[in-house]
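Since the model is a prediction, treat every value here as computed from it, not as a measurement.
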Amino acid sequence: MGKNTKRNKKTKQQLQQQQSPPQQNGVTASASGTASEHFEDQQAASSLPILNAKKRSQLNKLIEELLDLVEKQPANPNEEWKQYEQLQQLLKQIMIVEEPLSQAVCPQITDSPDDQSRLAKVEAFSAWAKDGGVHSEGLEIAIFPGYQLGLRANRPLAKEELVLSVPRKLIFSEENNSDCRLFGKMPQATHLNLAYDLVIEKIRGEFSEWRPYIDVLPAKYSTVLYFTTEQMERLRGTAACSLALRQCRVIAKQYAFLYRYAHTLAESSTGNRSHPGERGLFFTQRGLCYKLYRWAVSTVMTRQNLVPSEKQEAQDSPKFISALIPYWDMANHRPGRITSFYAAVSRQLECTAQEAVAAGEQFFIYYGDRSNTDLLVHNGFVDVNNLKDYVNIRVGLSPTDALAAKRASILDKLNIRHTAELRVLPAPDFISKELLAFVRVFKMSAEQLDHWCSDLERAGDLLHIDCALETDHETRTWQFLEDRLKLLLAVFDKEMREADEVKELSELQLKDGARSGQEIELMLLLYRRLERSILAGALQYAQEHRKV
């Protein structure tokens with residue numbers, strides 16, 4: 001399936017970092033901007049509407065309700081789903097009240113994405129990028145059916161040829177944009193600071209030096225933040241559902257925290273309490289709305305990459321931060337190998353061709369080894385040719401199990417958590433060695449546990465498919481896996497028969513220019529087919545081993 005989003009391409013050290021949004025924390029302060037910046041800020045804000053006291057009071061109340069809701073940790077999948085439905089209702093009410101702001105700050109975000117509209121901005125963006133030092137001879141931005149915008153070769157490109165470079169000064173990161181570190185030193189704070197920076201630049205509009213880049217970004221995305229409740233319902237029971245619901249809850253919590261800070265805590269604070277930099281607070285108070293934050297977070301989730309901190313880029317082990325890399329992030333994904341690296345000496349991102357490309361063909365890059373669950377939730381697409389795909393299933397020791405301590409000691413030796421999400425794999429592996437070892441330990445009798453605990457150095461043998469175990473033990477192991485896989489597959493059959501899904505998928509694929517809801521529906525059907533295929537293959541594998 002085509003897509004126009006990307007995330008976590010590797011640096012020279014080939015490090016990857018998954019988004020794991022943080023919880024609330026303290027805020028750090030910084031200095032305000034220059035006099036000229038202050039004038040431009042006032043100009044940028046002059047056209048923004050101001051909500052009257054009644055609407056602001058209504059919004060404040062809704063935000064507090066939202067915070068109360070997302071602070072609750074669901075105890076089970078049903079509670080998690082009910083919380084999501086309540087969350088969606090609150091966000092709908094919030095967006096209605098904020099409509100004047102969202103129309104003024106990001107009117108195009110409220111409309112359907114228009115490839116031609118984005119393409120019309122490409123000439124100005126390309127000139128801006130070239131002036132900034134981007135070298136992209138041999139590549140040009142173009143529309144590709146099913147992908148929206150992408151990079152096209154305008155001449156033959158050789159394998160491993162250096163085709164694109166972006167200098168440090170044109171890389172959008174928290175180090176050279178925001179005048180504050182709103183999320184302090186929290187884990188993964190760099191991702192949130194980057195989204196906050198993007199919010200500010202979007203509100204600044206024509207006064208932002210990043211305007212040409214922002215103009216060619218997608219107006220909306222296919223991430224789970226844009227799903228309707230009905231679309232999210234299609235994920236219930238799949239490996240992606242809980243991750244998707246948690247993502248929506250965390251982003252809503254971030255927005256409520258940011259809003260509350262700007263409109264409640266900051267406005268009522270006195271003394272020397274830390275707060276966002278004056279420019280950041282200025283724009284947050286005047287232009288922040290949920291639709292804008294959702295767009296900014298989705299932009300970061302789908303396009304971010306890790307680069308060395310500017311202050312440490314020459315070091316052997318620098319700190320890595322999240323960044324957006326203009327022009328290069330127009331490249332779409334195809335399975336292959338990582339060919340994009342940050343060169344500390346030349347201080348630029350360099351990208352080579354992973355394969356030979358003929359003139360007129362689309363130029364692809366590889367986003368890295370990630371499952372379709374991760375791609376769907378964070379990037380808004382799935383890869384039907386994903387050789388690194390897998391499905392996580394959750395397993396755990398029972399706290400009421402009298403033998404739990406002995407089981408735990410063996411799992412500790414294997415570096416497997418007592419409660420974990422372990423992988424079911426495509427052919428030919430089917431069951432990951434960690435999942436197999438966990439179930440083997442889980443199904444051991446007291447006598448068998450004593451045997452293995454007496455010589456923990458041999459625990460590694462449990463990771464191997466041909467480990468010499470008693471027949472009844474292996475039968476219990478594979479029976480457990482068979483039963484669990486049947487339960488997971490039953491979710492698909494309960495909602496819609498496979499034949500019906502294939503028919504619906506075919507109908508959607510035949511439609512030209514699928515956008516918005518249709519694009520998401522197609523992605524969801526593809527994802528369900530891919531997950532079902534992995535589980536079905538593993539089930540057959542488990543059944544064969546049980547019989548043996």
Pair Gln362-Asn332, side-chain donor/acceptor within less than 3.5 Å: yes

Whether Tyr541 and Phe430 hold their rings parallel, tilted or perpendicular, with breakpoints at 30° and 60°: parallel

More than 12 heavy atoms of other groups within 6.0 Å of Gln540 CD: no

Whether Ser533 side chain and Arg529 backbone form a donor-acceptor pair below 3.5 Å: no

Side chain to side chain, Ser371 and Asp374, heavy atoms closer than 4.5 Å: yes

Any side-chain heavy-atom pair of Arg532 and Leu535 under 4.5 Å: no

Gln254 side chain reached by Tyr293 side chain, heavy atoms, under 4.5 Å: yes

N/O donor-acceptor pair under 3.5 Å between Gln148 side chain and Pro218 backbone: no

Check: Val491 and Arg236 side chains under 4.5 Å, non-hydrogen atoms: no

His333 and Tyr367 aromatic ring geometry - parallel, tilted or perpendicular at 30°/60° bounds: tilted

With sequence neighbours excluded, residues passing ring pair (Phe, Tyr, Trp, His ring centres under 6.0 Å) with Tyr213: none

Salt bridge (Lys or Arg N to Asp or Glu O under 4.0 Å) pairs, two or more places apart, involving residues 147-163: Glu140-Arg152, Arg155-Glu161, Glu160-Arg337

Contacts of type salt bridge (Lys or Arg N to Asp or Glu O under 4.0 Å), residue Arg394, not counting sequence neighbours: Glu421

Worked check of side-chain contact (heavy atoms from CB on, under 4.5 Å) between Glu80 and Asn76: CA-CA 6 Å; Glu80 190 173 42; Asn76 54 60; over 6 Å; no

CA sep, side-chain torsions, deciding dist, call: Asn386, Arg370, side chain to side chain donor-acceptor pair (under 3.5 Å): CA-CA 8 Å; Asn386 189 353; Arg370 296 165 56 211; over 6 Å; no

Main-chain N/O of Asp215 paired to Arg118 side chain as donor or acceptor, under 3.5 Å: no

Check: Asn372 side chain, Asp389 main-chain N or O, donor-acceptor pair, under 3.5 Å: no

Main-chain N/O of Phe381 paired with Asn379 side-chain donor or acceptor, under 3.5 Å: no

Working for side-chain contact (heavy atoms from CB on, under 4.5 Å), residues Tyr390 and Ser432: CA-CA 9 Å; Tyr390 58 85; Ser432 67; over 6 Å; no

Centroid-centroid under 6.0 Å between Phe364 and Tyr147 rings: yes

Stepwise ring-ring contact (aromatic ring centres under 6.0 Å, His included) check, Tyr327 with Trp128: CA-CA 10 Å; Tyr327 207 102; Trp128 174 85; 10.0 Å; no

Shortest non-hydrogen separation from Pro167 to Gly132 and the atoms involved: CG-O, 3.2 Å

Full working for side-chain contact (heavy atoms from CB on, under 4.5 Å) between Leu324 and Thr299: CA-CA 9 Å; Leu324 301 177; Thr299 299; 4.2 Å; yes

Arg347 (side chain) donor-acceptor with Arg168 (main chain) under 3.5 angstrom: no

Any side-chain donor near an acceptor of the partner, Ser222 and Glu519, under 3.5 Å: yes

Close side-chain approach of Trp81 to Met232, heavy-atom, < 4.5 Å: yes

Cation-aromatic face contact Arg294/Tyr226, 6.0 Å, 45 degrees: yes

Leu435 side chain near Arg423 side chain, heavy-atom distance below 4.5 Å: no

Under 3.5 Å donor-acceptor, His418 side chain and Gly396 backbone: no

Side-chain (Gln231) to main-chain (Thr228) donor-acceptor, under 3.5 angstrom: yes

Within-4.5 Å side-chain heavy-atom neighbours: His378 and Thr223: no

Distance-only donor-acceptor check, side chains Gln479 and Asp483, under 3.5 Å: yes

Trp295 side chain near Tyr290 side chain, heavy-atom distance below 4.5 Å: no

Arg546 (side chain) donor-acceptor with Thr475 (main chain) under 3.5 angstrom: no

No-hydrogen, no-angle side-chain donor-acceptor test under 3.5 Å, Thr339 and Gln354: no

Donor + acceptor pair across side chains of Glu350, Gln348 (<3.5 Å): yes

Asp429 side chain to Ile431 backbone, donor-acceptor under 3.5 Å: no

Stepwise side-chain contact (heavy atoms from CB on, under 4.5 Å) test for Cys351 and Leu162: CA-CA 6 Å; Cys351 177; Leu162 179 62; 5.7 Å; no

Donor-acceptor side-chain pairing of Thr373 and Tyr527 below 3.5 angstrom: yes

Distance-minimising heavy-atom pair for Ala459 and Leu414: O-CD2, 3.2 Å

Any side-chain donor near an acceptor of the partner, Glu233 and Thr229, under 3.5 Å: no

